[in-house]
Amino acid sequence: MKHSKLVKKDLKVVWHPCTQMKDHEKIPMIPIKSGKGVWLYDYDDNKYLDAISSWWVNIFGHSNTFINNSIKKQLSKLEHVLLAGFTHEPAINLAENLISLTPKKITKCFFTDNGSSSVDAAMKMSYHYWQNKGKRSKKSFIALSNSYHGETLGSLSVSNIDLYKKTYESILKDTIIVESPDNYNKKDNISEAQHAELMFDKMHQTIKKNHKNVCAVIVEPLIQCAGYMRMYHPRYLELLREACTKYNIHLIADEIAVGFGRTGTMFGFEQAKITPDIICLSKGITGGYMTLSTILTTDDIYEAFYDEYEKLNAFLHSHSYTANPIACSAANATLELFKTKKTIEKNKALSSYMEKSFESLKDHPHVSDVRQTGMVLAIEMVKNKKNRTAYNWKERRGIRAYLHGLKNNVLMRPLGNVLYFMPPYVISKKEISFVSEIMKEGVNEATKKSS
Ligand SMILES: *Cc1c(COP(=O)(O)O)cnc(C)c1O
């Protein structure tokens, strides 16, 4: 079918996520016909380098032969079976594989459906644990400012970005918000670790004051991805782990975006050498093929639910497609690729090449920050570099960069005035250079004087 015809048909019936549909009167809708590696192809024979891994899910490229074959093999055996009372090899293997990647104390895998639902289930699990332990007053959660944990009612409750939350505030659960240790706000004369320590004082005070009523602290380790790719030092997680243990509060690591190598290590929390009580995983878990999420947790939490049926202490959370075998087979293939391709090791070279390629942007008169953690690089555009005055959001400058990218074969999708680069790991150095050139032009386009 022709490109233009598909667009017309789409706009008649499809309501798109995170989109003011009226924007499509001006901003093009792009039907994608196929994908291979880092490239996506449309129906007009244009190609786009997927510089944001299709919303951070893609790990080993589009239409990856190895993952395709794993899915095909599974498809010929079993498409799905319920996971209550029944089980299957892909789920068992995936649970084993994930647990083998995490610290010793992590011993159990609970399957959920997508990122948001894993956060909802993690909140329920933590709350229910304390109920089962007789700590009836524990009902609240602590989260960081500028956090994003999803957009279902539970996960949105522990998020703190106005854009997604403000409108729905009155139907959400109250959450205690503590100022984020974001490096962007760090004073020049101290180190990032020192900044993390200073900022932790606020968290410490909040925990001390509220711990009797708090189930868990939930954080995105090292990078607040939807929160404009703001980054912080692992020292904060170290201190948070200590305080959570001391005050009997769970630490939930939302690794949905940063897990599977984005921060340079398999999981972000590894850089603080800590073990969270609950780990939420999704996005990259299937290599970007389909929806699946898991919660990993400890024997301590598992045991609090393990009891005679009559006590009614069992954890109650279920999704129809829990641990879908096809999704699990994509995930197992993805984890195997991490091993056989030595991905974490090889990404080090890609990561430093990314750093070099974007270095010159630090001197751009409208760039206040070029920050990077592992395989995530972000560029913050400002009106005034000296005092870091932000552009008025209504100017929507990021969209200018987005459109420049589309015209020049790069798919980027800025978060407000922040352009970022989070590629599939199969990207080549040449392709990194190409993206950096187009992004630099994009920054110039976006920061030009308004006409
Ligand atoms: C994307 C994301 C979620 C939500 O996952 P969905 O699969 O989109 O529901 C939760 N937490 C973080 C940190 C995320 O980046």
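In each ligand, atom 1 is the first atom listed, and ligand 1 is the first ligand listed. Along the sequence shown, residues carry numbers from 1. In what follows, every heavy atom counts, from backbone to side chain, and hydrogens, waters and symmetry copies are set aside.
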L292 and D113, any side-chain heavy atoms less than 4.5 Å apart: no
In chain-and-number order, ligand 1 lies under 4.0 Å from a heavy atom of each of W56, N114, G115, S116, Y148, H149, G150, E220, D254, I256, A257, K283
Give, for atom OG of S155 and atom CE of M123, the distance between the pair rounded to the nearest 0.5 Å. 8.0 Å
To the nearest 0.5 Å, how far apart are CG in L153 and OH in Y168? 10.0 Å
Please give me the minimum heavy-atom distance between L144 and E179, naming the atom from each residue. CD2-O, 4.1 Å
Between T298 and P276, the two heavy atoms sitting closest are CG2-O, 4.4 Å
Using a strict cut-off of less than 4.0 Å between a Lys/Arg side-chain nitrogen and an Asp/Glu carboxylate oxygen, indicate whether K139 and D174 qualify as a salt bridge. no
